[in-house]
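Read through the structure below, which is laid out as structure tokens, and then see the notes.
Residue numbers start from 1 in every chain, and the chains themselves are labelled A, B, ... in the order their sequence lines are given, proteins ahead of strands.
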Number of protein chains: 2
Amino acid sequence: MAIDETEIARRMDLFAKACRESGAKRTHQRMEIFREVAQSGDHPDVETVHRRVRKRMPTVSLDTVYRTLWWLKELGLVNTLGPPRERTRFDANLSDHHHFMCTHCGVTWDFNSDALNHLSIAETVQSIGSMETMHLEVKGICHNCTVDKSSPT
Amino acid sequence: MAIDETEIARRMDLFAKACRESGAKRTHQRMEIFREVAQSGDHPDVETVHRRVRKRMPTVSLDTVYRTLWWLKELGLVNTLGPPRERTRFDANLSDHHHFMCTHCGVTWDFNSDALNHLSIAETVQSIGSMETMHLEVKGICHNCTVDKSSPT
DNA sequence: TTTAATGCAAAAGATTTGCAACATG
DNA sequence: CATGTTGCAAATCTTTTGCATTAAA
């Protein structure tokens, strides 16, 4: 699950470039925090990143890790798993379905895809484990938002 | 986005059945909380459910809504969007990829699927809006867990 | 030297828990 | 009536913020 050295180097280059282009300072903390995520294959949460970075840089504070990770996400250098800065939401629709989430107004719409259901994803992932469920999350701009740029309630 | 009356009734029946079979009490609060999720097409979060249920039942407390929603999830009557009871996690892998999450040990593995990438999901969702990104989340049991039932670190 | 970024501590926000009162089966 | 469930209030846990200090460019 460790990332290849060449790939880590490539990611660090991307980071340097993004700092230069955005005019942000390349501080020790930011480098170590990004390096930690860049070399982890295991999608760590904020606290895990903090714990690991502290081994090399014992004074780094938790709030800097929070600030830095969200800043990296803004720069497009990292992505988040799950809904970023959103609470868990509940759904009583138990049928097979997928979600389209509007990045503008936040509304989530259900949709179905026979084509996807017929794809044998179970076979694709059989080297990892046995599949129980699958769920496609699509992000984009919904028509309510493209048409009149106002958010529905 | 409102759910069809027949479908709501069907869901309320499922609820009644699950209570009977699990020996749980069918209290007013539980009925109203489940009804609220069952009739909402918009995937509300805990606080939204609480706010809406309070209109009909002003004394219901927020902690009951929390307890009830997670209990409904345990019974399999509702699902959660996003990582249930988990914090946001970060990923520096910017290439197109998908995730397999082990429901036993919690580890998330990356995988690719050309077949999925070649599916024209953008067309499937064009009646909803314009797609920007898509991400498949597969859940199941990974081999580390099926083989020896111990969780890797 | 100028400005942005950090660390600290406190605040704010979200979620959970213990327990007495209450409602359901 | 016995037991599981609720509401309240407090506790806990997570995340954010204000501000003086520090470090990059």
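With contacts defined as side-chain heavy-atom distances shorter than 4.5 Å, the pair A/F90/B/L72 does not qualify.
Residue pairs satisfying the salt bridge (Lys or Arg N to Asp or Glu O under 4.0 Å) criterion with at least one member in residues 59-72 of chain A, sequence neighbours excluded, are listed as follows: A/D63-A/R67. Pairs of residues two or more places apart, or lying in two chains, that qualify as ring-ring contact (aromatic ring centres under 6.0 Å, His included) and include a residue from residues 39-64 of chain A are A/H43-B/H99.
Between B/I33 atom CD1 and D/dT6 atom C1' the separation is 10 Å, expressed in whole Å. Taking atom CG of A/L75 as the reference point, atom C1' of C/dA5 lies 14 Å away to the nearest angstrom. The distance between atom CZ of A/R87 and atom C1' of C/dG13, rounded to the nearest whole Å, is 8 Å. The CG-C1' distance, from A/L62 to D/dT15, rounds to 8 Å in whole Å. What separates CG of B/D45 from C1' of C/dT15 is a distance of 13 Å, to the nearest Å. Per the geometry, CG belonging to B/L72 stands 12 Å off P belonging to D/dT5, to the nearest Å. The nearest whole Å value for the distance from the NE2 atom in B/H50 to the P atom in D/dG7 is 8 Å. Counting to the nearest Å, the C1' atom of D/dT15 and the CZ atom of A/R85 are 9 Å from each other.
Under the 3.5 Å distance criterion, the side-chain polar atoms of A/S130 are left unmatched by any main-chain donor or acceptor of A/Q126.
Within residues 53-61 of chain B, the residues that have a heavy atom under 4.0 Å from DNA chain D are, in order of number, B/T59, B/V60, B/S61.
Every residue meeting the side-chain contact (heavy atoms from CB on, under 4.5 Å) condition with B/A122, not counting sequence neighbours, appears here in chain and number order: B/M131. In this structure, the side-chain contact (heavy atoms from CB on, under 4.5 Å) partners of A/N112, at least two apart in sequence or on a different chain, are A/H97.
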Item to check | Candidate pair B/F15 and B/F34, rule ring pair (Phe, Tyr, Trp, His ring centres under 6.0 Å), full reasoning | outcome: CA-CA 8 Å; B/F15 170 80; B/F34 178 70; 5.1 Å; yes

Checklist entry - Could you write nucleotides 18-25 of chain C as a row of B, S and -, 5' to 3', where a protein heavy atom under 4.0 Å of any base atom gives B, of only sugar-phosphate atoms gives S, and otherwise -? => result B----BBS

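Applying the 4.0 Å criterion to OP1 and OP2 of D/dT16, one finds that A/W70 has a side-chain N or O inside that range. Note on A/Y66: a side-chain N or O is less than 4.0 Å away from OP1 or OP2 of D/dT15.
Within a 6.0 Å sphere centred on CG of B/D96, other residues, nucleotides and ligands contribute 12 heavy atoms or fewer.
The pair B/R11-B/E7 meets the salt-bridge criterion, since a charged nitrogen lies less than 4.0 angstrom from a carboxylate oxygen.
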